[in-house]
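Numbering of residues begins at 1 and proceeds along the displayed sequence. Not measured: the values here are computed from a predicted model.
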Amino acid sequence: MVDPMHFEAHAARYARARPPYPPALWDRLRELDVLRPGRRALDLGAGTGQATGPLLAAGLHVTAVEPGPRLASRLRDAHPDATVIVARAEDIELPDASFDAVVAATSIHWMDLDVLLPKVHRLLGPGGVFLVWRNVFGDPDVSTPFRDRVAAIVADRDDPRRRWPDPEEVAATSAALTANGLFSVDETTTFRWSIELHERQVRDLFTTFSDWSADEVDRAGAAVRELGGRVLEHYQSWLIVLRPLDDSPGAAR
């Protein structure tokens with residue numbers, strides 16, 4: 001069931017249901033001087049533009065890569081100033097040292113790092129930065145009645161690979177991104193935030209999760225209804241800032 005093209009089948013729902021990244025994340029990128037107008041950014045696994053839009057709004061020139069044609073179509077419609085490439089991130093062919101920042105926002109876990117990391121290393125120009133971040137739906141440090149219901153749904157699963165919380169946690173991801181020696185981690189930062197959702201929003205959002213069945217989504221929606229029709233969701237977003245270990249463009253990899 002876990003399939004990166006799951007999102008393609010729910011492109012319209014994905015566009016309206018996925019929450020934005022928290023303002024604190026964008027504030028941190030400004031502090032790091034990443035969002036300087038005129039800089040060139042590559043957004044890998046861009047979806048319908050949850051990262052592309054704010055990057056454009058900050059004045060960057062954005063090339064967005066999305067393998068799903070339906071998602072890419074919505075991305076083009078929403079952000080006509082972006083250059084959109086319909087392809088897997090691993091398959092793109094672009095000039096060396098052509099970007100100041102490469103971004104993978106809630107997408108890196110779908111990518112083959114053995115192929116991707118050398119490519120990102122080549123594409124970054126002098127002083128370039130590789131930014132990996134994701135939203136984590138649910139905060140393990142905050143218990144709510146709704147999260148208790150979600151945990152019960154997950155506990156009923158037969159497949160031990162489909163467990164909550166999300167396995168893509170920041171320490172493991174950092175280790176995977178630095179394992180081949182091409183990048184080092186400058187910093188990792190976690191942002192905590194919350195959002196109120198009604199039943200339809202929860203149904204739409206959970207439908208976009210690639211490891212949730214329709215029956216499980218129905219149970220989550222019913223939980224919201226039984227808890228009064230609205231729930232306060234506590235989320236985390238983490239950011240990993242990576243630098244190439246050799247900044248010289250065109251260097252042997």
Side-chain angles (χ1 to χ4, degrees), residues 1-22 24-25 45-48 50-51 66-68 70-71 74 104-111 132-176 190-240:
M1 179 179 174
V2 179
D3 175 6
M5 296 306 285
H6 168 88
F7 313 116
E8 178 72 355
H10 300 284
R13 186 175 279 114
Y14 189 98
R16 69 173 180 262
R18 286 285 173 134
Y21 296 107
L25 184 149
T48 54
Q50 283 75 11
E66 168 52 48
R70 294 178 187 173
L71 291 166
R74 290 184 173 274
T106 317
S107 61
I108 196 71
H109 52 295
W110 295 116
M111 299 172 190
V132 177
W133 71 75
R134 71 176 286 127
N135 281 341
V136 178
F137 299 97
D139 186 332
D141 295 331
V142 180
S143 177
T144 67
F146 178 67
R147 277 291 138 188
D148 290 343
R149 297 285 290 271
V150 169
I153 295 168
V154 174
D156 287 342
R157 292 174 173 173
D158 294 329
D159 187 344
R161 295 169 298 177
R162 298 174 60 233
R163 294 294 180 186
W164 192 273
D166 193 296
E168 298 297 325
E169 59 97 22
V170 64
T173 305
S174 296
T190 299
F191 310 94
R192 286 181 162 83
W193 54 287
S194 60
I195 184 172
E196 190 177 67
L197 301 173
H198 56 63
E199 180 183 350
R200 173 49 58 189
Q201 290 172 312
V202 166
R203 287 180 177 274
D204 282 348
L205 177 61
F206 279 51
T207 297
T208 71
F209 295 161
S210 61
D211 60 345
W212 275 68
S213 69
D215 177 67
E216 290 170 341
V217 170
D218 284 343
R219 290 176 64 185
V224 177
R225 186 169 63 254
E226 292 161 11
L227 291 168
R230 303 186 76 88
V231 293
L232 184 65
E233 278 280 70
H234 297 271
Y235 293 159
Q236 296 182 65
S237 300
W238 49 249
L239 166 69
I240 307 171

Work out which heavy atom in S194 is nearest to a heavy atom in H234; give both atom names and the distance.
CB-ND1, 3.9 Å

Using the six-membered ring wherever Trp is involved, compare the ring planes of F206 and F146 and label them parallel, tilted or perpendicular (cut-offs 30° and 60°).
perpendicular

Between the CD atom in Q236 and the CG atom in D141, the distance rounded to the nearest 0.5 Å is 6.5 Å

Axial cation check for W212 ring with R157, 6.0 Å and 45° limits:
yes

Out of curiosity, L25 CG to T190 OG1, how far, rounded to the nearest 0.5 Å?
10.5 Å

D204 CG to R200 CZ distance, which is reported to the nearest 0.5 Å
5.5 Å

I108 vs T173, side-chain contact (heavy atoms from CB on, under 4.5 Å): CA-CA, chis, key distance, verdict:
CA-CA 9 Å; I108 196 71; T173 305; 4.2 Å; yes

Looking at OG1 of T106 and CG of N135, how far apart are the two atoms once the value is rounded to the nearest 0.5 Å?
5.0 Å

Of the non-hydrogen atoms in Y235 and P19, which two are nearest, and what is the gap between them?
CE1-CG, 4.4 Å

What I want to check is whether the side chains of R18 and T48 have a donor and an acceptor closer together than 3.5 Å.
no

Just verifying a value: how many Å separate D139 CG and R192 CZ, rounded to the nearest 0.5 Å?
4.5 Å

Between CG on residue L232 and CG on residue L227, distance to nearest 0.5 Å:
12.0 Å

Sub-3.5 Å donor-acceptor pair from the side chain of Q201 to the main-chain atoms of H198, do we have one?
yes

Do R230 and L197 have side-chain heavy atoms sitting under 4.5 Å apart?
no

Evaluate the side-chain proximity of V231 to E199: yes if any heavy-atom separation is below 4.5 Å, no if none is.
no

Taking the side chain as every heavy atom from C-beta outward, state whether L205 and F137 have any atom pair closer than 4.5 Å.
yes

Considering all heavy atoms, the nearest P140-G138 contact:
CD-O, 3.9 Å

Please walk me through it: do W193 and S237 pass side-chain contact (heavy atoms from CB on, under 4.5 Å)?
CA-CA 8 Å; W193 54 287; S237 300; 2.9 Å; yes

Shortest non-hydrogen contact from W133 to A51?
CZ2-CB, 3.8 Å

